[in-house]
S.K.: 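Mind looking over this structure? Questions follow.
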Amino acid sequence: MQIISAPPRSGFSACCSLSGSFLHLGFARDVIFRSSSPSRTKIPLRFPRASSSSDPLLVQAARGDLVSRPPAWMMRQAGRYMAVYRKLAEKHPSFRVRSETVDLIVEISLQPWRAFHPDGVIIFSDILTPLPAFGVPFEIEEVKGPIIQNPISSEDDLNNLHSIDLDKLQFVGESLKILRSEVGEHAAVLGFVGAPWTIATYIVEGGTTRTYANIKSMCHTAPHVLKSLLSHLTRAISEYIIFQVKSGAQCIQIFDSWGGQIPPNAWEQWSRPYIQEMVRVVRKECPQVPLVLYINGNGGLLERMIGTGVDVIGLDWTVDMADGRRRLGNNVAVQGNVDPAYLFCPLPALTDEIHRVVRSAGRRGHILNLGHGVLVKTPEEAVAHFFDVVKGLRYDSLFKESILENLEPVA
């Protein structure tokens, strides 16, 4: 497959610019962005310990490098809203087949790349994909979604688990290698995993749920079983992340999709420590690969998410970007957070919302994304416009003052 540079679409408006501030671990010197403008969010900055101008824009932004504009990609950017995907799905109706066959994974992953040229190309997969590789078989039904026939509810059920067999996931590794070759350095290749708590909800509940009653009950009735399950998942998923990175992924997103379904104090006990451990293990093996954490409904968890040690925190659309920046402080970048429903609005309204989010995020450490995944029936024209707008942004024109004139050492 040949990569063709995307020409500008004359039908869409190119726009102004944006700004963001940020940080990273292990930096030699802390500095803070100071401005005479009272409306600007003042966010401390740090310079990264290691960076390369040859890295894709998304990787540079995630590490906190100064970049010319925010990189952008969309969660669920490959999928049912695209006509080419629907046509392919008619020929291959099984989601497991589509997400576990190398040629199909690569083709689907590249569909939005060819159409819109986002700054991140995420592998087409599922957070449940690695489950059979460590002893949890599952099926996916078109209406019901994932089905796990033998959910874990007791200590005896834990005996079915085993160490992750990465040989059973070679289709993921091979797909990432091909994607890296196809995309080159024009965009970042993203891998992703589910967080231990979120994966555990499926394994304990036997599939999707509206109440999470079984796993919430297990926190109190069989905490030793849940702790053992979460610890096993932490080891397996950590190995899976490292495998993805070694196969070509340049950034990893961790989806704790259902972390927002439990009270913040419960998330502190049952989710955060396991994500922290994953980050520690992955950092040891892959210290330069940015890690992104996204939780749906994370407004009550933002400050607590900082302690996981990830590089980037994704905000859902219910959190105001400027408020999220203030609450998160200076040691993490942000991703998001345009409401996916804006893609159904008139294009000028979408343009205005992108500008608002970008201005609120600041000129460093921001990856533009939606606050959730692309919705079914989203107009492809709106997705194209989203990416055209962000490619027309320039930090220097939106934030006039020179960054070097506004940096002072932090005591």
Side-chain angles (χ1 to χ4, degrees), residues 75-80 85 88-89 92-111 120-142 144-152 160-180 189-208 229-230 232-249 251-258 274-275 278 282 291-294 296 373:
M75 291 182 283
R76 293 184 188 164
Q77 67 187 14
R80 290 176 290 174
Y85 176 86
L88 183 148
H92 305 279
S94 167
F95 178 83
R96 290 286 300 272
V97 169
R98 294 195 299 272
S99 62
E100 297 180 14
T101 305
V102 173
D103 290 347
L104 296 178
I105 294 171
V106 171
E107 173 61 24
I108 295 169
S109 302
L110 289 176
Q111 284 175 349
V121 175
I122 190 165
I123 185 173
F124 183 77
S125 187
D126 192 85
I127 59 173
L128 300 186
T129 293
L131 266 60
F134 53 79
V136 184
F138 74 97
E139 299 297 333
I140 294 182
E141 295 185 6
E142 191 67 28
K144 292 184 177 180
I147 303 292
I148 294 172
Q149 297 290 351
N150 299 303
I152 288 179
N160 295 323
L161 301 177
H162 55 75
S163 299
I164 190 166
D165 183 356
L166 295 173
D167 286 341
K168 294 182 177 179
L169 296 167
Q170 287 304 314
F171 57 88
V172 173
E174 185 62 26
S175 298
L176 286 167
K177 291 175 184 175
I178 296 172
L179 289 174
R180 184 72 176 270
V189 172
L190 286 79
F192 70 93
V193 298
W197 166 264
T198 289
I199 298 298
T201 65
Y202 290 96
I203 295 175
V204 172
E205 299 286 346
T208 56
L229 173 60
L230 290 169
H232 186 90
L233 293 174
T234 299
R235 290 189 294 272
I237 297 168
S238 298
E239 289 188 48
Y240 186 43
I241 291 175
I242 294 168
F243 170 73
Q244 290 188 38
V245 172
K246 290 184 177 180
S247 298
C251 182
I252 299 289
Q253 177 146 315
I254 301 168
F255 285 93
D256 195 7
S257 303
W258 310 133
Y274 302 96
I275 297 174
M278 288 201 313
V282 173
L291 301 175
V292 183
L293 176 60
Y294 174 81
N296 188 30

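What you see below is based on every heavy atom in this structure, not just the backbone, and it leaves out hydrogens, waters and symmetry mates.
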S.K.: Find the distance between CD (Gln77) and CD (Gln111) and round it off to the nearest 0.5 Å.
M.R.: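 Nearest 0.5 Å value for the CD-CD distance: 11.5 Å.
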
S.K.: Would you tabulate the side-chain donor-acceptor contacts of residues 165-176 under 3.5 Å, counting partners in other chains and residues two or more places apart, or write 'none'?
M.R.:
from	atom 1	to	atom 2	distance (Å)
Asp165	OD1	Asp167	N	3.1
Gln170	NE2	Leu166	O	3.2
Ser175	OG	Phe171	O	2.6

S.K.: Among Val189, Val245, Val292, which one satisfies side chain to side chain contact (heavy atoms under 4.5 Å, CB included) with Cys251?
M.R.: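 Passing option: Val292.
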
S.K.: Give, for atom CD1 of Ile275 and atom CG of Leu293, the distance between the pair rounded to the nearest 0.5 Å.
M.R.: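 With rounding to 0.5 Å, CD1 (Ile275) is 5.0 Å from CG (Leu293).
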
S.K.: To the nearest 0.5 Å, how far apart are CG in Leu104 and OG in Ser109?
M.R.: 10.0 Å

S.K.: Could you pull out all residues at least two apart from Glu100 that satisfy side-chain hydrogen bond (donor to acceptor under 3.5 Å, both in side chains)?
M.R.: Arg96

S.K.: My understanding is that only residues two or more places apart in sequence, or in another chain, count here; which of them pass salt bridge (Lys or Arg N to Asp or Glu O under 4.0 Å) with Arg180?
M.R.: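 Counting only residues at least two positions away or on another chain, Arg180 forms a salt bridge (Lys or Arg N to Asp or Glu O under 4.0 Å) with Glu185.
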
S.K.: Could you list the residues that satisfy side-chain hydrogen bond (donor to acceptor under 3.5 Å, both in side chains) with Gln253, not counting sequence neighbours?
M.R.: Gln335

S.K.: Identify, with sequence neighbours excluded, every residue that meets side-chain hydrogen bond (donor to acceptor under 3.5 Å, both in side chains) alongside Glu205.
M.R.: Asn214

S.K.: Pair Met278, Leu291 - check side-chain contact (heavy atoms from CB on, under 4.5 Å), show working.
M.R.: CA-CA 10 Å; Met278 288 201 313; Leu291 301 175; over 6 Å; no

S.K.: Apply side-chain contact (heavy atoms from CB on, under 4.5 Å) to Gln149 and list each qualifying residue two or more places apart in sequence or on a separate chain.
M.R.: Ile147

S.K.: To the nearest 0.5 Å, tell me how far Arg235 CZ sits from Leu230 CG.
M.R.: 11.0 Å

S.K.: Assess whether side-chain contact (heavy atoms from CB on, under 4.5 Å) is satisfied between Val136 and Asn160, documenting all intermediate values.
M.R.: CA-CA 8 Å; Val136 184; Asn160 295 323; over 6 Å; no

S.K.: Is any side-chain heavy atom of Ile178 closer than 4.5 Å to a side-chain heavy atom of Ile105?
M.R.: no

S.K.: Of all residues at least two apart in sequence or in a different chain, which pass the ring pair (Phe, Tyr, Trp, His ring centres under 6.0 Å) check with Tyr240?
M.R.: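 In terms of ring pair (Phe, Tyr, Trp, His ring centres under 6.0 Å), with neighbours along the sequence ignored, Tyr240 is linked to no residue.
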
S.K.: Would you be so kind as to tabulate the donor-acceptor pairs closer than 3.5 Å made by side chains of residues 190-200, with sequence neighbours excluded?
M.R.:
from	atom 1	to	atom 2	distance (Å)
Trp197	NE1	Trp258	O	3.3
Thr198	OG1	Asp256	OD1	2.6
Thr198	OG1	Ser257	N	3.0
Thr198	OG1	Trp258	N	3.0

S.K.: Any donor-acceptor pair under 3.5 Å linking the side chain of Ser94 with the backbone of Val97?
M.R.: yes

S.K.: In Å and rounded to the nearest 0.5 Å, what is the CD1 to CD1 distance from Ile148 to Ile140?
M.R.: 10.0 Å

S.K.: What closest approach, in Å, do Thr208 and Lys144 show between heavy atoms, and which atom pair accounts for it?
M.R.: OG1-O, 3.6 Å

S.K.: With rounding to the nearest 0.5 Å, note down the distance linking CD1 in Ile237 to CD1 in Ile164.
M.R.: 8.0 Å

S.K.: I'd like a table of donor-acceptor pairs (distance under 3.5 Å, sequence neighbours excluded) in which one partner is a side-chain atom from residues 122-134, with atom names and distances.
M.R.:
from	atom 1	to	atom 2	distance (Å)
Ser125	OG	Thr129	OG1	3.2
Asp126	OD2	Leu128	N	2.9
Thr129	OG1	Asp126	N	3.3
Thr129	OG1	Asp126	O	3.1

S.K.: Taking only residues two or more places apart in sequence or in another chain, which ones pass side-chain hydrogen bond (donor to acceptor under 3.5 Å, both in side chains) with Arg98?
M.R.: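 side-chain hydrogen bond (donor to acceptor under 3.5 Å, both in side chains) list for Arg98, sorted by chain: Tyr85.
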
